[in-house]
Protein chains: 2
Amino acid sequence: MLNKDKRLLFEKQAEIARAMAHPLRIAIIHFLKDGEQCVCDIAENVGSERSNVSRHLSVMTGAGLLEYRKDGLKVIYKLKCICIVDFFSCVTDVLKRQAKDSEKLLKAL
Amino acid sequence: MLNKDKRLLFEKQAEIARAMAHPLRIAIIHFLKDGEQCVCDIAENVGSERSNVSRHLSVMTGAGLLEYRKDGLKVIYKLKCICIVDFFSCVTDVLKRQAKDSEKLLKAL
DNA sequence: TGATTATGTGAGTATATAATCACATAGTAA
DNA sequence: TTACTATGTGATTATATACTCACATAATCA
């Protein structure tokens with residue numbers, strides 16, 4: 001059985017993972033890979049309402065994925081940890097495997 | 001704005017990320033790092049009902065994180081992709097940064 | 001055959017999350 | 001001052017998710 005420390009660690013890790021586990025948030029991460037951006041431009045790029053994007057950004061910031069600075073009227077967000085991008089290389093691996101499996105299945109028809 | 005292919009990709013990636021974004025599922029991944037295990041032992045190790053664990057396992061299997069084989073009465077699960085473990089090194093990086101930030105804040109008091 | 005064990009699943013409930021709309025706030029500039 | 005713009009937030013609704021319990025299934029063995 002897990003002890004309390006492990007439990008707490010896994011909860012923290014899950015919180016961070018959850019902050020990445022949404023298509024819109026992944027689109028945001030993808031967009032921010034190339035540099036910081038304001039809410040306005042992020043919303044335009046991912047194709048969603050600003051208020052919705054604002055909420056997603058605050059979830060990600062809360063989880064420690066993003067940080068921001070204010071510049072006049074604008075709020076500029078950026079990735080706090082570029083390592084986040086590595087996560088998606090893992091995810092891509094899983095996807096490639098899935099593709100391979102489907103291929104095998106097709107051949108067996 | 002995102003095109004359809006990107007949208008689909010991000011949705012697939014989110015599905016995989018979601019399959020990791022739960023404390024119990026992270027505990028399962030953690031437990032399976034050292035080798036395959038049956039549902040029974042997984043449930044015991046993570047400290048949750050078998051029926052619940054069974055459901056989590058099927059989510060993870062559906063997302064392509066796990067695979068299983070049957071052995072008599074038992075069903076043995078294992079990680080399909082050890083790269084999943086890399087993901088948590090990224091998460092750990094984020095956590096370390098958070099810890100550093102808290103420390104800074106404390107010193108400023 | 002019946003009893004036992006490991007696993008999976010339907011149904012119900014509780015909780016969390018996402019999206020939308022309207023509005024609040026705060027910075028800017030005329 | 002007023003008007004404008006970018007961002008954030010409260011309230012609502014819709015949807016998804018997690019958990020529990022009871023039961024179903026399937027393999028094993030006496």
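- The hydrophobic cluster containing B:Leu9 also contains A:Val85, counting ILVMFWY residues as joined when their side-chain heavy atoms lie under 4.5 angstrom apart, directly or transitively.
- When DNA chain D is scanned 5' to 3' for any atom under 4.0 Å from a heavy atom of chain A, the first and last hits are D:dT5 to D:dA11.
- Within residues 4-20 of chain A, no residue has any heavy atom closer than 4.0 Å to DNA chain D.
- Every residue meeting the side-chain contact (heavy atoms from CB on, under 4.5 Å) condition with B:Lys107, not counting sequence neighbours, appears here in chain and number order: B:Glu103.
- Under the ring pair (Phe, Tyr, Trp, His ring centres under 6.0 Å) criterion, B:Phe10 pairs with A:His30, sequence neighbours left out.
- Of the residues in residues 24-44 of chain B, those placing a heavy atom less than 4.0 Å from an atom of DNA chain C are B:Cys38, B:Val39, B:Cys40, in numerical order.
- Both A:Tyr68 and A:Leu73 lie near DNA chain D, and the one whose nearest nucleotide falls closer to the 5' end is A:Leu73.
- The hydrophobic clustering, which links ILVMFWY residues whose side-chain heavy atoms are closer than 4.5 Å, places B:Ile76 and B:Val53 apart.
- A salt bridge does not link A:Lys78 to A:Asp34: none of the charged side-chain nitrogens sits closer than 4.0 Å to a carboxylate oxygen.
- Under a hydrophobic-cluster definition in which Ile, Leu, Val, Met, Phe, Trp and Tyr are linked whenever side-chain heavy atoms come within less than 4.5 Å, directly or via other members, B:Phe87 and B:Leu95 are assigned to the same cluster.
- Distance OG1/A:Thr92 to NZ/B:Lys12: 13.5 Å, rounded to 0.5 Å.
- Near DNA chain D, defined here as any heavy-atom distance below 4.0 Å, the residues from residues 47-67 of chain A are A:Arg50, A:Ser51, A:Ser54, A:Arg55, listed numerically.
- Judged by distance alone, the side chain of B:Arg25 and the main-chain N or O of B:Arg18 form a donor-acceptor pair under 3.5 Å.
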_side-chain contact (heavy atoms from CB on, under 4.5 Å) between B:Met1 and A:Asn45, intermediate numbers included_ = CA-CA 5 Å; B:Met1 273 270 290; A:Asn45 177 266; over 6 Å; no
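- The pair B:Asp93-A:Lys80 does not count as a salt bridge, with every side-chain nitrogen at least 4.0 angstrom from each carboxylate oxygen.
- Counting any heavy atom pair closer than 4.0 Å across all strands shown, B:Tyr77 reaches sugar-phosphate atoms only and no base atom.
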_Please determine whether salt bridge (charged side-chain N to carboxylate O under 4.0 Å, His left out) holds for the pair B:Arg69 and B:Glu36, giving the CA-CA distance in whole Å, both sets of side-chain angles, and the decisive distance to 0.1 Å._
CA-CA 10 Å; B:Arg69 63 184 179 81; B:Glu36 57 178 22; 2.5 Å; yes
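- Nearest approach of B:Ala14 to A:His22, heavy atoms of both residues: CB-C, 3.7 Å.
- With both pairing distances under 3.5 Å, D:dA30 is matched to C:dT1 as a Watson-Crick or G-U wobble pair.
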